[in-house]
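Some notes on the structure that comes next.
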There are 2 protein chains.
Amino acid sequence: MSLRFAILGFLSVRPFSGYDLKRAFDQSVRHFWTADQAAIYRTLGELESKGLVEHERIAQDLRPDRNLFRPTEAGLAALDDWLTTPSPAAPRREPFLVRLFFSGRIDPDALLALVRAELDSVHDELRAFGDYVASLEAQVPDATDAWKAAMIGPLLTLTNGVSLGVAYRDWLTRIEGQLEGGSLTAELLLADLRAQLPDTDSSG
Amino acid sequence: MSLRFAILGFLSVRPFSGYDLKRAFDQSVRHFWTADQAAIYRTLGELESKGLVEHERIAQDLRPDRNLFRPTEAGLAALDDWLTTPSPAAPRREPFLVRLFFSGRIDPDALLALVRAELDSVHDELRAFGDYVASLEAQVPDATDAWKAAMIGPLLTLTNGVSLGVAYRDWLTRIEGQLEGGSLTAELLLADLRAQLPDTDSSG
DNA sequence: ATCAGATATATGTCATGTCACATATACTAC
DNA sequence: GTAGTATATGTGACATGACATATATCTGAT
């Protein structure tokens with residue numbers, strides 16, 4: 001499970017409480033990893049029982065006590081080990097594609113509605129990326145070199161979200177056009193595929 | 001869970017045994033949905049207890065008996081209902097991006113190795129798509145109209161796999177180049193992002 | 001002869017993830 | 001007053017998924 005390593009990763013930057021971690025997940029890695037609050041607290045407990053993190057109870061005047069977690073040496077070693085080890089391809093689970101796969105059963109209008117609903121959510125996602133990028137750009141003028149270096153990893157994941165989001169939007173838009181134009185045929189789709197695929201030794 | 005609807009979808013085409021279903025998943029929808037064999041048998045049992053599928057035991061001379069499942073009227077109705085209802089965006093889980101996000105901790109060579117390992121697996125995937133497309137193209141000349149119509153859904157999911165696979169490959173290749181050239185900076189990545197993003201109301 | 005592999009179905013168990021709930025305090029808005 | 005929101009930490013129950021294992025028969029290779 002990557003959750004424990006994602007948590008160790010955050011803790012390698014600065015100490016976090018469970019509550020902080022939940023917000024960090026929601027704000028910064030939501031587009032490629034989500035974490036349930038219950039899972040975070042349980043994973044912290046598990047990591048502590050394995051000696052990979054330790055915590056300190058901080059009393060606060062106006063709020064409940066916080067349990068501030070930080071990684072141990074063993075925790076950082078486990079993190080670095082995981083970071084440098086490629087993991088097997090993650091299985092994908094795309095309910096929208098399951099619907100498309102069996103879309104022969106529903107009428108073209110219902111299919112078009114599905115495609116448009118999906119397009120809406122991609123547009124929302126791209127807009128959210130745009131807002132986030134704008135807020136980062138505003139911070140650049142007075143950013144330190146250390147901050148810029150630390151942002152490279154997060155920025156790389158952002159470029160992934162944007163590149164794939166744009167590709168997904170373009171793919172949906174193409175389908176939308178074909179559905180509207182009534183030109184959605186097996187031959188057309190095969191030709192599309194052939195045009196996009198790298199040449200698979202066509203000269204034998 | 002989409003698994004039960006994916007199963008109903010297959011059964012809406014023709015009767016399947018659990019064993020057949022496992023092979024159908026592995027062969028045709030592997031790139032966007034995987035199914036554990038145990039999950040298939042259990043889900044079939046669950047669907048049957050809800051009256052959405054029924055089965056018939058077929059004795060065979062040379063092999064173990066097969067339990068052939070087919071959908072009931074209620075099952076087909078549940079399928080069509082699900083097919084036309086958009087589902088909320090599925091959470092993504094990308095261990096590779098978690099590694100990238102925290103890649104500031106590891107040295108650039110290790111990061112380059114990670115990127116190249118990922119590129120290898122994308123190339124393999126695209127090659128598999130290419131082979132599959134070639135096999136489909138070979139079948140087109142003597143395909144019936146009914147077959148072509150039935151292939152539209154599956155072909156749509158293929159175009160998704162190829163479009164996103166190509167985008168993912170291109171994104172990885174860009175990072176590989178930037179890592180090799182030593183030009184990976186926060187400024188460059190932000191400029192990349194800005195160039196790709198649709199204009200977010202630049203004129204207020 | 002024997003062993004691996006394909007066909008075929010099924011259970012047991014563990015890990016993981018999600019949802020709902022429980023507890024407690026303080027600030028803000030109505 | 002009191003309802004809602006934010007801070008903060010947790011538990012219990014259930015759903016889902018992955019892995020290992022069990023059974024049984026036939027085919028083909030060594």
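The sequence lines fix the lettering, A, B, ..., with proteins before strands; numbering per chain opens at 1. Side chains are part of it too, since the values below use all heavy atoms of this structure and drop only hydrogens, waters and symmetry mates.
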- [ ] Can you sort out the partners of A/Q178 under side chain to side chain contact (heavy atoms under 4.5 Å, CB included), two or more places apart, ordered by chain and number?
- [x] A/R174, A/S183, A/L184, A/L188, A/L189, A/D192

Task: Axis bend over the full length of the helix from C/dA1-D/dT30 to C/dC30-D/dG1, computed from five pairs that close each end, to 10 degrees - done: 20°

Rounded distance in Å - [atom1] ([X]) to [atom2] ([N]):
X	N	atom1	atom2	result
B/I7	D/dT16	CD1	C1'	13 Å
A/R66	D/dA6	CZ	P	17 Å
A/I40	D/dT11	CD1	C1'	16 Å

Please name all residues satisfying side-chain hydrogen bond (donor to acceptor under 3.5 Å, both in side chains) with [X], sequence neighbours left out, ordered by chain then number.
X	value
B/Q27	none
B/S28	none
A/H55	A/E48

Task: Heavy-atom protein contacts under 4.0 Å, nucleotides 18-23 of chain C, coded B base, S sugar-phosphate only, - none - done: BB----

Task: Interface residues of residues 44-58 of chain A with DNA chain D (non-hydrogen, below 4.0 angstrom) - done: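 Hits under 4.0 Å, by residue number: none.
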
With sequence neighbours left out, which residue pairs that include part of [range] fulfil the side chain to side chain donor-acceptor pair (under 3.5 Å) condition?
range	answer
residues 106-116 of chain B	B/R116-B/E176, B/R116-B/E180
residues 84-99 of chain A	A/S87-B/R99, A/R92-B/E125, A/R93-B/T34, A/R99-B/S87
residues 145-162 of chain B	A/W171-B/T159, A/E187-B/K148

Check: residues 1-15 of chain B side-chain donor-acceptor pairs under 3.5 Å, at least two apart:
{"from": "B/R4", "atom 1": "NE", "to": "B/E46", "atom 2": "OE2", "distance (Å)": "3.3"}
{"from": "B/R4", "atom 1": "NH2", "to": "B/E46", "atom 2": "OE2", "distance (Å)": "3.1"}
{"from": "B/S12", "atom 1": "OG", "to": "B/G9", "atom 2": "O", "distance (Å)": "2.6"}

TODO: Specify the residues of residues 16-25 of chain B, ordered by number, for which at least one heavy atom lies under 4.0 angstrom from an atom of DNA chain C.
DONE: B/S17, B/G18, B/Y19, B/R23

Open item on the list: For B/R169, I'd like to know if atom CZ has over 12 heavy atoms of other residues, nucleotides or ligands within 6.0 Å.
Closed with: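 Counting other residues, nucleotides and ligands, CZ of B/R169 exceeds 12 neighbours.
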
Open item on the list: Counting only heavy atoms from other residues, nucleotides and ligands, does the tally under 6.0 Å from CZ of A/R105 exceed 12?
Closed with: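 Enclosed.
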
Task: Side chain of B/N67 - closest among C/dG17, D/dT9, C/dT9 - done: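 Shortest atom-to-atom distance from the side chain points to C/dT9.
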
Open item on the list: With no hydrogens and no angle check, just 3.5 Å: does a side-chain donor-acceptor pair link B/T173 and B/D170?
Closed with: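 B/D170 and B/T173 do not have a side-chain donor-acceptor pair below 3.5 Å.
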
- [ ] Using a 4.5 Å cut-off on heavy atoms from C-beta on, say whether the side chain of A/F96 contacts that of B/P86.
- [x] no

Open item on the list: Between B/Y168 (side chain only) and A/S163 (backbone N and O only), is there a donor and an acceptor less than 3.5 Å apart?
Closed with: no

Open item on the list: Would you say B/Y41 places a side-chain N or O within less than 4.0 Å of OP1 or OP2 belonging to C/dA10?
Closed with: no

